[in-house]
Amino acid sequence: MASQWEPLLGTADIAEPEVREWVFVENQARALFSRYGYGELRTPVIERTDVFVRGLGDETDVVKKEMYTFEDRGGRSVTLRPEGTAGVMRAIANQGLAEGEERRVFYMGPMFRGERPAAGRRRQFHQVGVEAVGRAAPLLDAECIAMLLHFLEEVGIADGELLVNSRGTADDRPAAAAALKEHFTPHLAGLCEDCRRRFETNVWRMLDCKVEGCQEAIRGAPAIMDLLGAESKAYFAAVCACLDGLKVPYRVDPRLVRGLDYYEHTVFEVVHSGLGAQNALAGGGRYALFLPGSDRPVRGVGFAAGLERLLLARASLGQAAAGTPGMDVFLVSLGERALAASQLLAAELRHAGLRVLAETTGRSMKAQMRAADRVRARYTLIRGDNELDGGTVLCKAMADGVQTPVAAGEVAAWLLARLMSG
RNA sequence: GUGGGUGUAGCUCAGUUGGUUAGAGCGUCUGACUGUGGCUCAGAAGGUCGCGGGUUCGAAACCCGUCACUCACCCCA
């Protein structure tokens with residue numbers, strides 16, 4: 001339906017009953033991450049632009065062509081966050097982190113990227129992510145990965161495939177990049193336009209190209225692992241050993257290259273078959289991130305999972321959305337007096353903890369009964385002049401149609417006794 | 001940014017080679033002896049056929065443009 005009230009391209013309204021799926025996944029995330037010692041951190045969705053430019057790398061696709069960047073009223077360049085890590089690091093740096101101190105945080109919320117939307121990809125999308133900042137150890141990387149899989153399990157996705165690889169350190173990269181360039185140079189003429197561009201801007205990415213004609217050159221390329229220094233190789237081997245120790249199944253994908261510059265050492269991704277073309281469910285890795293005005297990187301390990309994609313995966317597995325729960329009680333009122341009196345009774349019942357809907361417009365009894373049925377009320381309380389004069393309320397159990405007159409003062413207790421017992 | 005698909009009622013969609021007052025299902029509302037839901041039956045409301053132009057005696061349908069949505073590429077979550 002194309003109406004002028006459609007939300008902006010790539011954004012969406014999330015309403016009942018779908019929103020229950022969101023809340024479910026968010027709650028699972030909160031509960032699970034806290035079991036691993038992570039606390040929630042909420043950072044602004046908007047930051048100074050250089051937080052991201054410096055953090056993600058100015059040659060990355062995200063920074064070059066996908067950010068929602070504009071000037072605020074003071075002429076400062078600001079950006080809607082395209083990912084969560086940079087802002088989280090900024091916040092942690094702002095709070096101060098002692099040498100050797102470890103900080104574990106998780107976050108969830110909207111991110112913004114100005115791309116063409118497709119299945120599982122929106123301009124405003126949502127991520128839940130974690131960051132363990134301040135220490136570097138293979139065991140920590142492995143635990144982080146294991147937690148991601150644990151989380152996926154908790155939300156009903158047990159069949160994702162884990163891919164891992166290493167990007168080495170900043171020290172390894174110049175030599176490795178040179179080796180890659182050397183390999184690709186003779187093939188350049190036969191490669192796609194994008195690859196020729198990547199040759200200049202980001203050789204690593206060429207390994208990731210899906211164009212048919214480029215595959216042969218890519219297959220012949222040296223594996224990243226072979227280009228890394230001894231220290232990096234050892235680190236990666238240790239991470240793999242830890243994963244083995246944790247009995248986490250994984251596949252080493254020598255071509256896994258993630259899109260942001262801040263990664264070093266371990267990178268990983270979980271892919272899922274139920275997502276269409278955008279098959280990455282979650283991704284992350286170890287990173288060294290630079291903040292504006294600082295030459296010392298903040299190091300950590302973390303991941304982000306796409307909420308929309310988690311929900312797609314759940315849907316593909318037939319994980320049913322929890323239905324909207326019905327009301328406990330619907331108050332049917334016949335006549336002005338009853339209408340007024342029922343508002344008071346409704347308030348009393350709600351204070352008692354019940355889910356209550358009361359007639360407000362005085363329709364026919366049939367219409368009100370239909371309304372009660374539509375909201376799946378378990379009890380309908382009927383009051384007209386007869387009941388008001390007698391000081392009672394007619395309580396009807398909708399399941400079997402049995403009607404019981406109850407003294408007005410005892411209705412709440414009467415209902416509670418029945419509703420609580422199930 | 002580049003390609004493909006689709007825009008008809010609140011929702012999901014029909015609409016035959018252009019031909020009278022544009023339909024169905026679901027939903028909503030009303031009614032079927034006085035104050036009783038679901039099932040059934042009867043009825044009602046609800047549509048600038050995305051928008052603009054063109055062809056034609058006549059356009060929801062054909063042509064052009066435009067906008068929107070959607071899928072895919074790129075890249076990523």
Side-chain angles (χ1 to χ4, degrees), chain A residues 1-12 56 60-66 81-85 108-129 148 152 160 192-195 197-198 201-202 205 208-212 256-260 268-272 275-284 302-313 326 330 332-335 338 361 363-388 394-403:
Chain A
M1 213 32 267
S3 97
Q4 60 179 317
W5 309 117
E6 291 259 0
L8 284 175
L9 178 65
T11 68
L56 313 195
T60 56
D61 285 346
V62 170
V63 168
K64 270 170 58 187
K65 53 182 200 188
E66 295 174 0
R81 62 181 184 194
E83 58 93 60
T85 304
M108 56 186 73
M111 309 292 165
F112 303 84
R113 272 141 70 163
E115 300 178 282
R116 239 359 223 287
R121 184 176 58 209
R122 293 241 166 93
R123 289 185 169 182
Q124 176 178 336
F125 62 105
H126 300 76
Q127 289 186 330
V128 0
L148 168 58
L152 294 176
C192 72
E193 200 178 314
D194 283 332
C195 279
R197 180 176 48 80
R198 290 183 190 118
T201 58
N202 194 340
R205 271 312 210 344
D208 211 21
C209 186
K210 276 123 197 154
V211 175
E212 192 68 31
L256 176 61
V257 177
R258 298 185 49 74
L260 307 175
F268 56 91
E269 203 165 287
V270 174
V271 296
H272 191 271
L275 298 183
Q278 271 66 45
N279 68 348
L281 207 50
F303 65 76
L307 251 308
E308 283 85 353
R309 294 185 185 180
L310 293 176
L311 299 188
L312 277 178
F330 188 95
V332 168
S333 302
L334 305 167
T361 54
R363 293 173 291 176
S364 72
M365 182 165 188
K366 180 188 285 287
Q368 293 188 46
M369 288 304 295
R370 254 202 292 265
D373 194 61
R374 233 179 304 109
V375 299
R376 288 176 293 147
R378 295 175 64 190
Y379 284 87
T380 299
L381 306 195
I382 301 163
R383 264 201 309 191
D385 289 336
N386 297 344
E387 287 76 16
L388 283 170
L394 191 55
C395 299
K396 175 169 185 167
M398 295 299 270
D400 55 16
V402 172
Q403 304 192 147

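These values consider heavy atoms only, across backbone and side chains, with no hydrogens, waters or symmetry-generated copies. Small disclaimer: the values here were computed from a predicted structure and weren't measured. By convention in this document, chain letters (A, B, ...) are assigned in the order of the sequence lines, proteins followed by strands, and residues within each chain are numbered from 1.
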- Query: Is Lys396(A) close to Gln403(A) at the side-chain level, that is, under 4.5 Å between some pair of heavy atoms?
  - Reply: yes
- Task: Nearest whole angstrom, please: distance from the C1' of A77(B) to the CZ of Arg258(A).
- Result: 8 Å
- Quick one: Leu148(A) CG to A77(B) C1', roughly how many Å, whole number? 11 Å
- Message: I want to confirm an ordering. Mapping Glu269(A) and Pro117(A) to their closest nucleotides on RNA chain B, which one lands closer to the 5' end?
- Response: Pro117(A)
- Message: Taking the P atom in each of A59(B) and G18(B), what is the distance between them to the nearest angstrom?
- Response: 13 Å
- Message: Suppose you measure atom C1' in U17(B) against the same atom in U2(B); what distance do you get, rounded to whole Å?
- Response: 36 Å
- Query: Heavy atoms under 4.0 Å, any strand shown: does Ala372(A) hit a base, just sugar-phosphate, or nothing?
  - Reply: nothing
- Item | Partners meeting side chain to side chain donor-acceptor pair (under 3.5 Å) with Ser333(A) (sequence neighbours left out) | Ser342(A)
- Between P of A72(B) and CG of Asn279(A), the distance in whole Å: 11 Å
- Query: What interatomic distance, in whole Å, is found between C1' of A68(B) and the corresponding atom of C29(B)?
  - Reply: 32 Å
- Message: Quick check against the 3.5 Å criterion: does Arg113(A) have a side-chain atom that pairs as donor or acceptor with the backbone of Pro82(A)?
- Response: yes
- Query: Which whole number of Å gives the distance between the C1' atom of U36(B) and that of G31(B)?
  - Reply: 15 Å
- Note on the structure: Result for 5'-nearest mapping on RNA chain B, choosing between Pro7(A) and Val270(A), is Pro7(A)
- Message: Say we look at U28(B) and G65(B): how far apart would their P atoms be, to the nearest angstrom?
- Response: 43 Å
- Item | Heavy-atom side-chain proximity of Glu83(A) to Val62(A) below 4.5 angstrom | no
- Taking side chain to side chain contact (heavy atoms under 4.5 Å, CB included) as the test, write out the residues that go with Ala118(A), two or more places apart. Arg121(A), Gln278(A)
- Distance, C1' atom - from C73(B) to A60(B), rounded to whole angstrom: 33 Å
- Note on the structure: Residues at least two apart in sequence or cross-chain that pass side chain to side chain donor-acceptor pair (under 3.5 Å) with His126(A), listed by chain then number, are Gln124(A), Glu308(A)
- Item | Rounded distance in Å between the C1' positions of A14(B) and U8(B) | 10 Å
- Query: Partners of Arg309(A) by salt bridge (Lys or Arg N to Asp or Glu O under 4.0 Å), sequence neighbours excluded?
  - Reply: none
- Item | Length of the line joining Arg116(A):CZ and G3(B):C1', which is rounded to integer Å | 9 Å
- Contact state string [nucleotides 28-41 of chain B, B base, S sugar-phosphate only, - no protein heavy atom under 4.0 Å]: SSSS---BBBB---
- Task: Using atom CG of Leu9(A) as one end and atom P of G1(B) as the other, report the distance to the nearest whole Å.
- Result: 10 Å
- Query: On a whole-Å scale, what distance lies between the P atoms belonging to A42(B) and C51(B)?
  - Reply: 34 Å
- In chain order, what residues pass the side chain to side chain donor-acceptor pair (under 3.5 Å) check against Gln127(A), with sequence neighbours excluded? none
- Query: Roughly, in whole Å, what's the span from CD in Glu308(A) to P in A77(B)?
  - Reply: 13 Å
- Using the test side chain to side chain donor-acceptor pair (under 3.5 Å), find all partners of Arg374(A) that sit at least two apart in sequence or belong to another chain. none
- Sequence-distant partners of Ala282(A), side chain to side chain contact (heavy atoms under 4.5 Å, CB included), two or more places apart: Leu148(A), Ala305(A)
- Nearest-Å distance for atom pair CZ/P, residues Arg123(A) and A77(B): 18 Å
- Note on the structure: In RNA chain B, stems of three or more consecutive pairs, Watson-Crick or G-U, each with both distances under 3.5 Å, turn out to be B:1-7 with B:67-73, B:10-13 with B:23-26, B:28-32 with B:40-44, B:50-54 with B:62-66
- May I have the distance from Lys65(A) (atom NZ) to U2(B) (atom P), rounded to whole angstrom? 12 Å
- When all nucleic acid strands are considered with a 4.0 Å heavy-atom cut-off, which category describes Arg113(A): base, sugar-phosphate, or nothing? base
